[in-house]
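Just so we're on the same page: letters track the sequence lines, and every chain starts at 1.
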Protein chains: 2
Amino acid sequence: MVDREETTTAPKVTDAALRPFLGFNLRRAWNVIHADLVATLEPLGLRMITFSALTVIGENPGLSQAQLATALSVERPNLVAVTDELSTRGLVTRERLASDRRTYALKLTAAGERLLARATEAVRGHEAALYEPLSDGERQSLIAMLQKIESKGTGRS
Amino acid sequence: MVDREETTTAPKVTDAALRPFLGFNLRRAWNVIHADLVATLEPLGLRMITFSALTVIGENPGLSQAQLATALSVERPNLVAVTDELSTRGLVTRERLASDRRTYALKLTAAGERLLARATEAVRGHEAALYEPLSDGERQSLIAMLQKIESKGTGRS
DNA sequence: CGAGATAGATACAAGGCATAATCATTATAG
DNA sequence: CTATAATGATTATGCCTTGTATCTATCTCG
């Protein structure tokens with residue numbers, strides 16, 4: 001076999017030049033969280049978007065799909081499949097408002113409440129594992145810093 | 001116009017139930033950074049992936065495409081279009097290695113070096129604006145915490 | 001009533017990202 | 001030395017997510 005080392009130049013490839021950038025580190029951390037979160041929700045038959053939708057509906061019963069889309073920062077058309085799925089699975093009810101028959105009032109069913117409770121617990125556990133190297137104070141400060149960064153933008157992706 | 005308040009139920013939709021989750025805040029912060037970063041690189045004719053590639057090539061001259069793919073956490077096939085573009089634009093050279101004529105040695109051209117320098121400066125400015133609400137110490141601690149979270153994962157998305 | 005706006009839905013296009021298969025080259029085994 | 005396996009680069013392909021344009025039904029306002 002041939003000597004793998006070039007003996008003259010860099011034998012290992014580094015990303016040190018990208019490490020000082022906040023965006024790079026944020027993206028990599030997101031990759032880790034995302035992969036773990038998907039694995040956490042998959043046994044419950046949920047995706048990130050359906051879990052988020054359940055959470056916001058549970059917090060704001062009776063809201064419309066347009067309001068939900070705004071809260072989740074997704075376009076209205078992309079929410080249709082989500083509410084269809086949640087409705088078909090019997091997790092959410094869509095009732096027409098008497099005052100405005102264009103809009104739906106979204107509410108969790110009893111099954112939706114139960115699944116949301118289970119999913120919330122699962123996600124808490126998932127986050128606790130990722131949070132593990134951080135102290136309580138660090139976690140709070142991390143979220144606070146992320147929100148400060150978020151506030152610098154217009155809010156849309 | 002009609003009174004927007006329902007006077008009986010929640011007039012505003014909140015995402016307070018999602019705010020305690022690290023993943024939610026991270027994703028929102030990423031959206032802001034991503035949108036601003038795209039806008040920053042667009043005038044230079046760069047995308048995130050091409051900027052990252054230029055940076056890593058500049059830091060590791062002579063590396064192969066497989067090494068670059070690993071460093072950037074992208075699949076090899078998806079890197080072909082990137083190196084094609086950089087090569088066509090005269091920013092990067094692809095030279096066959098005499099020792100192994102399968103692999104390319106990627107290097108920046110003089111034009112590539114110049115564009116990378118300009119882009120790096122632009123991205124630094126972009127990040128400085130987003131960083132603005134944070135102190136120097138907070139920025140270091142933020143990146144350190146993100147790297148701790150990243151280290152909890154397997155590294156793949 | 002008629003113009004304009006809004007909620008939801010549909011259709012469609014574009015980008016990101018992963019897999020499988022292919023080709024050329026190199027390494028390894030008999 | 002020849003056959004086989006392994007690797008770098010490439011192509012083709014498909015999935016998933018997300019955005020835009022458009023349509024219908026309904027509501028508000030003049």
In this structure, how many angstroms lie between the P atom of D:dA12 and the CG atom of B:Asp84, rounded?
12 Å
Given C:dG8, C:dT25, C:dA11, identify the nucleotide with an atom nearest to the side chain of A:Pro77.
C:dA11
Report the distance from atom CG of A:Leu106 to atom P of C:dG8, rounded to the nearest whole Å.
7 Å
Of the listed nucleotides C:dA9, D:dC27, D:dA9, the one nearest the side chain of A:Arg102
D:dC27
Residues A:Glu121 and A:Arg118 bridged, charged N to O under 4.0 Å
no
Within the structure, does a side-chain N or O atom of B:Arg94 lie under 4.0 Å from either OP1 or OP2 of D:dT10?
yes
Proximal nucleotide (of D:dT10, C:dA9, C:dT19) relative to the B:Thr83 side chain
D:dT10
Rounded to whole Å, NE2 of A:His34 lies from P of C:dC17 at a distance of 11 Å
If you find the nucleotide of DNA chain C closest to A:Gln65 and the one closest to B:Arg47, which residue's nucleotide is nearer the 5' end?
A:Gln65
Round to a whole Å and report the spacing from CD of B:Glu85 to C1' of D:dA9.
18 Å
Rounded distance (Å) that lies between atom P of D:dA9 and atom CG of B:Leu79
9 Å
Any N/O donor-acceptor pair, B:Arg101 side-chain to C:dT25 base, under 3.5 Å
no
Return yes if some donor-acceptor pair links the side-chain N/O of B:Arg27 with the main-chain N/O of A:Trp30 below 3.5 Å, else return no.
no
Separation of atom CG in B:Leu97 from atom P in D:dT7, rounded to whole Å
17 Å
Tell me which of A:Asp100 and A:Asn78 sits closer to the 5' end of DNA chain D, going by the nucleotide each one is nearest to.
A:Asn78
Could you tell me the separation between the CZ atom of A:Arg76 and the P atom of D:dT24, rounded to a whole number of Å?
19 Å
Charged tip of A:Arg19 within 45° of A:Phe24 ring normal and under 6.0 Å:
no
Where the side chain of A:Val80 is concerned, which of D:dT18, C:dT10, D:dG8 is the nearest nucleotide?
C:dT10
Can you check the B:Leu68 CG to D:dG8 C1' distance for me, whole Å?
13 Å
Does atom CZ of A:Arg76 have more than 12 heavy-atom neighbours, drawn from other residues, nucleotides or ligands, at distances under 6.0 Å?
no
Quick one: do B:Glu85 and B:Arg47 make a salt bridge, cutoff under 4.0 Å?
yes
